[in-house]
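To keep things clear, I will list the structure first and then write my remarks on it.
No experiment lies behind these values; they were computed from the predicted model shown.
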Amino acid sequence: MKLNYKRTILVGFAFFLISAFWQAYDATIALTLTNKFGMSQGWSGVVMALDNILALFMLPLFGTLSDKHKSRSGRRTPFIRFGTIVAAVALIALSFADVMQLKQLDAVAAIDDPAALSTLYDSQAGKTLSTPDGDAFILGADEDARTIDVSKEQFVTILSTDTATVVDPDNNREKEISPYAQYVVPTRQAYAADCTAANPGPLVLFISILLVLLVAMATFRSPAVALMPDVTVKPLRSKANAVINLMGTAGGILVLVLGMIFGTSAVKNSLMNYTLYFGVIAAIMVGALVTFLLTVKEPQWAAQMQSDSIRYGVEDAVSAEETGEKRKLSGPEMRSLILILLSVALWYFGYNAVTSKYSVYAPNVLQKNYNTTMLIAQGAAIIAYLPAGIVASKIGRRKTILAGVLMLTTAFGAAAMMTASSPDLVMNVLFALAGIGWATINVNSFPMVVEMSSGADVGKYTGFYYTASMAAQTITPMLSGFLMDQMGMTVLFPYAAIFAALAFVTMFLVKHGDAKPEAKIGLEALDND
């Protein structure tokens with residue numbers, strides 16, 4: 001049987017716009033909370049975790065609701081249409097709250113203006129502030145031997161220097177610092193916090209709109225992902241999921257390019273106005289939605305999938321796909337489902353810990369730039385998506401996933417032994433291996449979950465899958481961070497390797513979730529069509 005790649009790509013536009021949004025969200029919201037509202041890293045982390053917390057119960061809820069929904073445009077399309085429109089409007093509205101806060105920061109809006117820096121200094125003079133690496137400094141007073149005194153003249157002129165040498169109070173040794181990052185950033189954030197405390201209205205509005213935005217995104221994520229199995233015969237879902245992942249990656253890359261064009265990560269743009277940027281992202285989301293609505297014929301494609309499944313033996317003639325009844329899992333099937341979901345949680349515990357903490361680990365433990373290795377991992381994953389789906393169609397999803405988990409465990413285990421003197425090439429190879437392993441796992445795990453569903457409850461099972469992954473992504477940054485604080489940063493990769501190894505054990509025990517063997521005759525027949 002041959003996958004209809006054009007149809008799958010069109011279905012993938014829903015995931016394209018989802019990934020585009022989350023790339024923009026991750027790149028800007030945390031910076032906005034800390035730079036413009038003066039929120040601490042801890043509290044901004046709590047706000048950034050809201051989407052994962054909401055997802056724990058909203059994704060299964062709306063997946064199940066979409067299973068039961070009936071309309072002329074299908075079960076999933078109404079949720080995708082409604083959620084995208086509300087999210088796009090809310091994203092633009094979010095920029096208005098952002099602008100309100102910027103008006104409070106007018107005095108320091110030009111971060112490279114000496115007059116603005118002078119205002120910053122005067123507003124925080126005499127305060128002890130903490131730098132990102134844990135040092136403390138005082139503006140205009142030498143009160144403590146462990147602090148670094150900064151005069152107004154020094155503060156105003158440090159932007160002309162990329163690096164400077166200071167004496168570390170902890171060990172009386174000289175060290176290089178970035179003056180802007182060490183002094184201006186924490187001072188500006190303290191000023192922003194004072195402004196927010198004086199008038200919390202913009203922050204309240206920002207968080208309120210953000211909640212609406214996150215709820216809107218949660219309403220259609222499960223329905224959007226569940227649409228692929230709705231229109232794809234079961235044995236081809238791994239290949240189709242590879243295409244869907246590539247569409248999501250394309251959305252993320254597009255927003256990354258836009259971020260480079262707008263300079264969202266540039267230091268000089270720390271207090272930039274996001275109105276135009278958010279407007280472009282909203283336009284991309286709406287454009288992808290329009291493409292989806294004009295080209296995707298959900299009811300017809302779902303009906304065709306059902307008839308093909310019955311005709312070629314993938315489903316029985318009287319099946320849940322036609323009757324709308326939910327298939328009850330047997331005891332062994334239920335055990336396999338639980339083991340798959342446990343495996344999903346375990347490998348996300350390992351992988352997400354690395355992706356969320358490596359930017360801290362690399363410069364402090366390996367003394368290396370983290371961007372290159374992360375890009376290599378992502379690039380390797382992109383290349384591996386389609387081959388992973390093809391391999392699974394030949395040897396089975398379970399075996400393919402086990403190979404991917406083994407690659408992930410090996411990469412993390414070997415990375416634990418790397419030091420600052422290790423060659424960059426070795427770490428790059430290990431991250432490429434991890435990227436391939438992750439793609440192999442990611443492409444095939446979701447199809448294994450929905451393999452055990454019927455057409456009547458694909459959305460519900462999609463929600464199960466995302467609940468397992470989101471629960472892990474919510475907990476593991478905090479757990480791994482706590483262990484790194486208590487045991488040292490070098491615990492990161494052993495932590496990740498252990499969870500990946502545990503996922504291998506649980507996946508090894510899975511007995512269900514591969515394509516039905518009896519469907520092979522039908523597939524061979526379709527190959528000859």
Applying salt bridge (charged side-chain N to carboxylate O under 4.0 Å, His left out), run through Arg397 and Glu451 and close with a yes or a no.
CA-CA 11 Å; Arg397 294 169 185 150; Glu451 182 74 24; 2.8 Å; yes
Under the criterion side-chain contact (heavy atoms from CB on, under 4.5 Å), which of Val11, Leu289, Ile284 is the partner of Phe16?
Ile284
Answer with yes or no after comparing the ring centroid distance for Tyr461 and Phe464 against a 6.0 Å cut-off, counting only values under it.
yes
Between Ser66 and Arg76, do the side chains contain an N or O donor and an N or O acceptor separated by less than 3.5 Å?
yes
In a check of side-chain hydrogen bond (donor to acceptor under 3.5 Å, both in side chains) between Gln101 and each of Thr196, Asn35, Thr32, which one passes?
Thr196
Please determine, by modelled atom types, if Thr476 and Tyr351 share a side-chain donor-acceptor pair under 3.5 angstrom.
no
Is Asn245 reaching over with its side chain to a backbone N or O of Asn241, donor-acceptor style, under 3.5 angstrom?
yes
Is it possible for you to check whether Arg221 lies under 6.0 Å from the centre of the six-membered ring of Phe79, through NZ or CZ, and within 45° of that ring's axis?
no
Does one side chain, of Asn444 or Thr400, offer a donor that lies under 3.5 Å from an acceptor on the other?
no
Taking the six-membered ring for Trp, are the ring centroids of Trp438 and Tyr385 within less than 6.0 Å of each other?
no
Tell me whether Arg398 contacts the main-chain N or O of Val510 through its side chain, where contact means a donor paired with an acceptor under 3.5 Å.
yes
Can any side-chain N or O of Lys36 pair as donor or acceptor with the backbone N or O of Met272 at less than 3.5 Å?
yes
Over 60° means perpendicular and under 30° means parallel, so tell me whether Tyr25 and Trp22 are parallel, tilted or perpendicular.
perpendicular
Less than 6.0 Å separating the ring centroids of Phe206 and Phe37?
yes
Test item: Ser19 side-chain N/O and Thr249 main-chain N/O as donor-acceptor pair under 3.5 Å:
no
Near Tyr5 OH, under 6.0 Å, is it more than 12 heavy atoms from other residues, nucleotides or ligands?
yes
Measuring centre to centre across the rings, with the benzene-like ring taken for any Trp, is Phe499 within less than 6.0 Å of Phe349?
yes
Counting C-beta onward and ignoring hydrogens, is there a side-chain heavy-atom pair between Leu227 and Phe292 closer than 4.5 Å?
yes
